[in-house]
Amino acid sequence: MPDMAKLTIAQALNQALEAALMEDSAVVILGEDVGKDGGVFRITDGLFEKFGGDRVIDTPLAESGIVGTSVGLAMAGMKPVAEIQFFGFIYETMDQIASQAARVRFRSLGRYSAPMVIRAPFGGGVKAPEIHSDSLEALFTHTPGIKVVVPSNPYDAKGLLLSAIDDPDPVLFLEPMRLYRAFRDEVPEEAYRVPLGKASVVREGTDVTLIGWGPSMALVLAAADELVAQYDIAPEVVDLRTLTPLDEETIVTSVQKTQRAVVVHEAVRTSGFGGEIAALIQEKAFLYLEAPVLRVTGYDTPYPMTMFEDLWLPDTSQVVTAALSSVRF
Amino acid sequence: MPDMAKLTIAQALNQALEAALMEDSAVVILGEDVGKDGGVFRITDGLFEKFGGDRVIDTPLAESGIVGTSVGLAMAGMKPVAEIQFFGFIYETMDQIASQAARVRFRSLGRYSAPMVIRAPFGGGVKAPEIHSDSLEALFTHTPGIKVVVPSNPYDAKGLLLSAIDDPDPVLFLEPMRLYRAFRDEVPEEAYRVPLGKASVVREGTDVTLIGWGPSMALVLAAADELVAQYDIAPEVVDLRTLTPLDEETIVTSVQKTQRAVVVHEAVRTSGFGGEIAALIQEKAFLYLEAPVLRVTGYDTPYPMTMFEDLWLPDTSQVVTAALSSVRF
Amino acid sequence: MTDGMEMFPLIQRLDEEGNLIGDLGVLSLADLKETYATMRFLRTFDERAWNLQRQGVIGTYAPFKGQEAAQMGAVAALEDTDWLVPTYRDWAASYLRGVPLEHGLFFSKGHPSLGDIPAGKRVLPAQVVIAAQTLHGVGVAWATKLRHEKVATVVTFGDGATSQGDFHEAMNFASVLAVPLIFFCENNQWAISVPLARQMHAETIAQRSIAYGIEGFRVDGNDYVAVANLMHELSERVRNGEGPFLVEALTYRLGAHTTADDPGKYRAIEEEDLWIRRDPLVRLERWLRAQGQLSDEDLAAIDADSERKVEEIIAGFREALDISPLVLFDSVYATLPSTLASQRAQFEARVKEVGA
Amino acid sequence: MTDGMEMFPLIQRLDEEGNLIGDLGVLSLADLKETYATMRFLRTFDERAWNLQRQGVIGTYAPFKGQEAAQMGAVAALEDTDWLVPTYRDWAASYLRGVPLEHGLFFSKGHPSLGDIPAGKRVLPAQVVIAAQTLHGVGVAWATKLRHEKVATVVTFGDGATSQGDFHEAMNFASVLAVPLIFFCENNQWAISVPLARQMHAETIAQRSIAYGIEGFRVDGNDYVAVANLMHELSERVRNGEGPFLVEALTYRLGAHTTADDPGKYRAIEEEDLWIRRDPLVRLERWLRAQGQLSDEDLAAIDADSERKVEEIIAGFREALDISPLVLFDSVYATLPSTLASQRAQFEARVKEVGA
Ligand SMILES: Cc1ncc(C[n+]2csc(CCOP(=O)(O)OP(=O)(O)O)c2C)c(N)n1
Ligand SMILES: Cc1ncc(C[n+]2csc(CCOP(=O)(O)OP(=O)(O)O)c2C)c(N)n1
Ligand SMILES: [Mg+2]
Ligand SMILES: [Mg+2]
């Protein structure tokens, strides 16, 4: 048995970054406060001290600059891992992500590529100021050329991040900030990989498929427990892990079995990625469906002032209710 | 009968802008090349000459600057109508749209507002360079606080633009560039309004609901003709006109009647607004549906190099095929 | 290459020892006594807010300790009709423009009223996206120019903000459009853990004015007398159509970036000590004492008064906590769209359910 | 306020009349003869491309007429290991760095190969988002620095591009990171219909260097001798770790912005006439003739050769048109995801159906 330790997501990510810096001299980490400070969430803690200021670089305060220079670094053979301090600031850099990083390969017909990772903490629940808690992942699922990866637990966090850094294409890697230190899991010491593009069936079941990713997995799993314990319902739970390119097969196979699905995300409802999942399921499994695909999501308001974020955010009871409506439809 | 003239969309928009400048001294037009040049598509033609450089302003080449200063202008009582030269450059200004303009009212609990319009030509089919033809409307439908309006014909273009300028909230106004001069319609001389938030049932029918907006309406209408003429199928055609806030009622009512729906857009498929519409229909009209809601969309690649754009873009035959699959499902 | 320090010598009127260099300019002794009392009150508030966070009463708070003179000076010359476009650390500046300090607590609490500026006060709500407000400042100033109002606008931002593209676009637009705006940089020399020398290679922020063909100034931001006098001169000039200007106020963040930050990780205690000696309060106190205008009793009275006012603020803040969560739905749009209305109804049911 | 023109006097070596001011510097007579022939060939190509658009063979084309000396000079000092990060109008510069002129036609045609730079050539594909490539330039130069390569990178952009936030962020990053990069601005004084004076309030672009504490230069962009010499000096200096630098090459867009544009709407014919007299080709021709190094026969030979080469390019371009539309799906990702594979299959069926 390999060496294991009980780690938080934050620690698992830190291990992955350290392993990547050790393995490949082309890897550099850049962003605001990632150096001495170790990042505002301490994900890069200790790396500046270990690898020095040429590998772990505090940049000026400019997100487009961070991603734009990363594109250049990547095109010239480096493997930048850029941190955007909070996902809400990603808007500043959308041109450099969507029109630049995502198109390097396409624009050059494969002559150039932009192997780079953009890491960002995201999601609510930590009482942060405005713009800090927004879930904007759907925007990037609408952008061909990049991959969107969202871990929900320490094991996946480490393995997915290492795969993202290996990947020959740009990857947006979203870290559920509420879960950074929420719990610990067994995480192997060595540098293993979890493949991109593969959803994980976290729990098998027959009555309804619950689909989530990242921070929502915490409620999905709690809801699943409750459904089993209180209602004798056997939900199948799918953690997407990679949003694009999407593992359609796992989703469709599951729903063909359970004939019902509930998608859960924190992002506002309209045009959230839940819409895409619902559209896809009804396209690919129409004749199997016994109930509409339901969505448990944020409301169509800006992310709320945090006095009321707990009321605004989807919670376990909403997932349970949706699953019950689906089963009883 | 009011005075009418046969106008193109381009002319109708120009009339609307002129009327707005005449009606309200708070209205100013700003953007790249909107002055003497009259805009690269000549939508602001003649306005600089008529209203002068304090009302029709050529700005420096900076989209975030254009929208960001518009937010300030609007908060201080002006009504800016900003032009983004091509919608693909909207990424440069997403923070100023989504985190700023869209949140002014929310952030200030109603004390301030940002009544402003951001106009942008969008969509493909005119053999423009990369980034110029992208359909990114879905991104903004995921942003509470702004409205997204997309006309498809000269009459609506004028009436919707005037409503957008009147509106107390920020409006993203997307102009189908391929249709700017594609055809003419009767357009009243006076400054009338077409309300925001109301879809239009362009053709009544019973067999399948075809849903589109902006440039896609051209193919939807052609497909509808073909379905009637060749296949004896009576499609109902819905032109959304406003994407958010969405006129759910019109959509749901129509699908409850026809029991089938096809959504058409040029944007790439994954997480396009078609996904939201499909998700919504299956949620709200599940028991009515005789077939899955189908989507006719762009492929999940970057907008293609234009040698092949006609092959890449959705066309009438694809809409017909989808409608037939739906009806024959 | 240009020597920024030489081109933009530091403007100072009251040095660290409390010695006046030259005169008070447009200020009077009375002004300074009042300013000192207010500054001390603001310091009391700021330290108290820090503690409130520690006690869990509010969330993350960004203290302005050390920057009081810069903030107060920035707005010292503004009239009721002038505008202030502040950044998120500017509770002192905003307070002087009529925004109650409760708003600082609202902001940290995540209270919906955080940006509900009192009617008639020409201050924009603070927003957190670094430098985004610099463009709003340009727009506001431009609006006043288009309407031929004789009005000055001041937009404030940090040293880190000058790295953002929006700052550049704002400076460029402002200069091309010749708007009546003062860009006021509170250069506290740190952007969280990043020191100025890693933020930029230029020696001064003031020299960035040259890129836009406008006038720039570098002033001791811990010297209220210098800042206030400079702003009096520049506000008058922008009202007369001579703007825009760039002002770099050299100051220091005496505390942590926010209550969530630990400067011990990244900066030397010696540097902090150096700047504690340059505290804007200390030099005003020294000068006033030297003039025989401040006694220990005066100080005690100021402190007692400050404490009382801070208690009132906190009491007001606590009262305001009783606000309906439903307000979240009511200022998304001017009129509630029907789709959102049904979500609001669901939310209302949920609120009732959990009894919030 | 600073007088940019005075601080950054225009560097010139070959004036409008073809008189040499000083000497040829690192260039030889042979260099200039070759340069003149190449420049004339490039002019021939550019005018031909314009006509091809008029004939409907290609789509929108952005001519570089008038900017040949600036573009050729920008890359004159580059070695095989150096990098060029060009903008969309830089077919002359790219050609000298090994990118066939076919690519200019591909770009206008919307041909999938437009950015398929020949293997081994260190040139990035042109992209159209104004100023975005300036950050790529910083990244490329930074990569070479991190790997301790002794390499120079040149990034080019227009005057309008200097208004974008990305330009500012690039200048700031480059200066803080001290990367071996030359920012080369082709100041052709127009951004579509917007003249420089509405683009910025500063007198020169060169003075923007001061904002970043780096050296800036203003050079006559229609004077190949001046530009090439300056770039020789600066490339060597950046390779030795002294960069970054900002170069403003003052030139003029002799033609329309693109084939879709009509300058008659917004600029005076007198201005165009003035700059026709400053044509970079003319002054080289005058000088070479004065040296007795260029006869009418030489000219005729150059033109015949140019025509022949342009015909070859067009022939190559026409041949390359036979490319499968399926390539669109094959460079979205390194490996085709399964979801996209099924879309590719649908597309393939459609292509077969319409017989494309
Ligand atoms: C666009 C953006 N990026 C990052 C952040 C996170 N952040 C908040 S404050 C800060 C540092 C700001 O430094 P400065 O501008 O000097 O202002 P100061 O905090 O020193 O007053 C950062 C990086 C942000 N709020 N916005
Ligand atoms: C971000 C962005 N905004 C707008 C445009 C449209 N556009 C293309 S070229 C151009 C003018 C560019 O001027 P300049 O930088 O001086 O370069 P030049 O064309 O003169 O070579 C504009 C506005 C664009 N391509 N990208
Ligand atoms: Mg600072
Ligand atoms: Mg130009």
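Every chain is numbered from 1, with letters handed out A, B, ... down the list of sequences.
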**Request:** Working to the nearest 0.5 Å, report the span between CD of A/Glu248 and OG of D/Ser338.
**Result:** 7.0 Å

**Complete:** So, the part of D/Ala170 with a heavy atom under 4.5 Å from chain A: the answer is neither

**Asked** So which of D/Pro337, D/Ser331, D/Ala334, D/Gly115 has the largest heavy-atom pair count under 4.5 angstrom toward chain A?
**Response** D/Ser331

**Fill in**
Distance col, row A/Leu73:CG vs D/Trp142:CH2, nearest 0.5 angstrom, shows 5.5 Å

**Complete:** Here the gap from A/Phe106 atom CZ to D/Leu328 atom CG, rounded to the nearest 0.5 Å, amounts to 5.0 Å

**Complete:** chain D shares the most heavy-atom pairs under 4.5 Å, among A/Arg103, A/Gln96, A/Met75, A/Glu92, with A/Gln96

**Complete:** Checked D/Val176, D/Ile117, D/Thr153, D/Val138 vs chain A; the most non-hydrogen pairs under 4.5 Å come from D/Ile117

**Prompt:** Just how far is it from atom OG of D/Ser113 to atom CG of A/Leu109, taken to the nearest 0.5 Å?
**Reply:** 5.5 Å

**Request:** Heavy atoms only: give me the nearest A/Met78-D/Ala143 pair and the separation to one decimal.
**Result:** CG-CB, 3.6 Å

**Message:** Take a 6.0 Å sphere around CZ of D/Arg318 and say whether it holds more than 12 heavy atoms from other residues, nucleotides or ligands.
**Reply:** no

**Asked** Ignoring hydrogens and geometry, is there a side-chain-to-backbone donor-acceptor pair from A/Asp54 to D/Leu146 under 3.5 Å?
**Response** no

**Request:** Pick whichever of A/Ser99, A/Pro60, A/Pro168 has the most heavy-atom pairs under 4.5 Å with chain D.
**Result:** A/Pro60

**Distance-minimising heavy-atom pair for A/Arg107 and D/Leu114** = O-CD1, 3.7 Å

**Item:** Top contributor to chain A interface from D/Arg122, D/His168, D/Gln127 [non-hydrogen pairs under 4.5 Å]
**Value:** D/Gln127

**Prompt:** Relative to chain D, which of A/Ser70, A/Ser64, A/Pro245 shows the most heavy atom pairs under 4.5 Å?
**Reply:** A/Ser64

**Complete:** Applying a strict 4.5 Å limit to non-hydrogen atoms, the region of A/Val67 in contact with chain D is neither

**Prompt:** Side chain, backbone, both or neither: which part of D/Ala126 has a non-hydrogen atom closer than 4.5 Å to chain A?
**Reply:** backbone

**Message:** What's the separation between atom CG in A/Asp247 and atom OG1 in D/Thr339, rounded to the nearest 0.5 Å?
**Reply:** 9.5 Å

**Message:** So which residue, A/Gln100, A/Glu249, A/Arg55, ends up with the most heavy-atom pairs under 4.5 Å with chain D?
**Reply:** A/Gln100

**Request:** Pick one of side chain, backbone, both or neither for D/Asp166, based on which atoms fall under 4.5 Å of a heavy atom in chain A.
**Result:** side chain

**Prompt:** Looking only at heavy atoms, what is the nearest atom pair of A/Ile66 and D/Phe173, with distance?
**Reply:** N-CZ, 3.6 Å

**Within 6.0 Å of CZ in A/Phe286, more than 12 heavy atoms from elsewhere** = yes

**Message:** Looking at A/Lys36, I'd like to know if its NZ atom is crowded, meaning that more than 12 non-hydrogen atoms belonging to other residues, nucleotides or ligands lie closer than 6.0 Å.
**Reply:** no

**Fill in**
Bottom line for A/Leu61: the part with an atom under 4.5 Å from chain D's heavy atoms is neither

**Asked** Taking every heavy-atom pair that is under 4.5 Å apart, which of A/Gly68, A/Pro80, A/Ala74 has the most such pairs with chain D?
**Response** A/Gly68

**Asked** With side chains defined as the heavy atoms from C-beta onward, is the minimum distance between D/Glu169 and A/Glu63 less than 4.5 Å?
**Response** no

**Asked** So which part of A/Leu30 gets closer than 4.5 Å to some heavy atom of chain D, the side chain, the backbone, both or neither?
**Response** side chain

**Request:** Using atom types as modelled and distance alone, determine if a side-chain donor or acceptor of D/Tyr333 lies under 3.5 Å from a backbone N or O of A/Gly145.
**Result:** yes

**Item:** Gap separating the OG1 atom of A/Thr59 from the CG atom of D/Leu177, nearest 0.5 angstrom
**Value:** 8.5 Å

